[in-house]
Amino acid sequence: MPKHKNLSDSSDSDSGPDDRNPVSKKKKPEKKPEKKPEKKAKSSGDGDENMFQLSKMRYATVSEFRGKVMVGIREYYEADGDLRPGKKGISLNLEQWKCLKNHIDSIDEAIERF
């Protein structure tokens, strides 16, 4: 006669912990909604937006990133009726911005030679 295992025997290799639910992962903190310039910002250049239109879809912006003031020049695109920043662009910290400003006259002279 075959031996039957006792149901209380805990040496069954197929058995796992009594709690078979997966361990819940920590929830990621919700991302803060990204500050997006509104479509009406196209005509900005004054006010709180800190966006300055350079051409149809290109803007210079002044913003703060990780506690540092940045000057950016970026192309924007329209999606869902909103103006959103694109991949093409550059952000300069204040040191880089001041350096660029110091070279403006030399850059203008180089442009004149063309």
Side-chain angles (χ1 to χ4, degrees):
M1 202 183 242
K3 282 188 171 180
H4 291 288
K5 277 193 168 181
N6 188 353
L7 291 178
S8 65
D9 187 7
S10 64
S11 65
D12 187 3
S13 63
D14 289 337
S15 70
D18 290 338
D19 181 11
R20 292 191 178 253
N21 294 330
V23 176
S24 62
K25 295 181 180 178
K26 288 185 180 179
K27 291 183 179 180
K28 293 182 182 177
E30 290 185 25
K31 291 183 180 179
K32 293 182 181 179
E34 190 176 314
K35 290 184 181 180
K36 298 175 188 172
E38 296 176 6
K39 190 173 180 178
K40 64 184 179 183
K42 284 186 177 184
S43 62
S44 74
D46 53 23
D48 296 327
E49 290 294 326
N50 295 325
M51 288 186 71
F52 307 92
Q53 189 169 14
L54 303 177
S55 64
K56 184 177 178 183
M57 296 298 279
R58 190 170 291 163
Y59 292 84
T61 60
V62 179
S63 60
E64 188 176 341
F65 180 72
R66 295 185 181 175
K68 296 185 179 189
V69 177
M70 305 293 282
V71 176
I73 299 173
R74 185 157 302 278
E75 288 186 358
Y76 284 73
Y77 66 97
E78 194 172 328
D80 300 326
D82 292 333
L83 202 56
R84 298 186 181 172
K87 292 181 180 181
K88 291 184 180 180
I90 186 170
S91 292
L92 304 173
N93 61 32
L94 286 183
E95 181 181 329
Q96 294 165 330
W97 172 248
K98 289 175 183 177
C99 185
L100 176 63
K101 287 191 332 181
N102 288 336
H103 289 293
I104 291 294
D105 291 336
S106 300
I107 293 170
D108 281 339
E109 289 174 13
I111 290 170
E112 292 297 321
R113 290 193 294 260
F114 283 93

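Numbering starts at 1 and runs along the sequence shown.
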> When rounded to the nearest 0.5 angstrom, what distance separates CG in Leu54 from CZ in Arg74?
Replying inline: 12.5 Å
> Counting only heavy atoms not in Arg58, do more than 12 fall under 6.0 Å of its CZ?
Replying inline: no
> Would a distance-only check, ignoring hydrogens and angles, find a side-chain to backbone donor-acceptor pair under 3.5 Å from Gln53 to Lys56?
Replying inline: yes
Side-chain donor-acceptor pairs under 3.5 Å in residues 85-103, sequence neighbours left out?
residue	atom	partner	partner atom	Å
Asn93	OD1	Glu95	N	3.1
Asn93	OD1	Gln96	N	2.8
Gln96	OE1	Asn93	N	2.9
Asn102	ND2	Lys98	O	3.3

> Hey, quick one: are Met51 and Tyr77 part of the same hydrophobic cluster, counting side-chain heavy atoms closer than 4.5 Å, chains of contacts allowed?
Replying inline: no
> Any idea which heavy atoms bring Leu83 and Tyr59 closest together, and the distance?
Replying inline: CD2-OH, 3.6 Å
>> Run the salt bridge (charged side-chain N to carboxylate O under 4.0 Å, His left out) test against Asp108 and tell me which residues pass, sequence neighbours left out.
In response: none
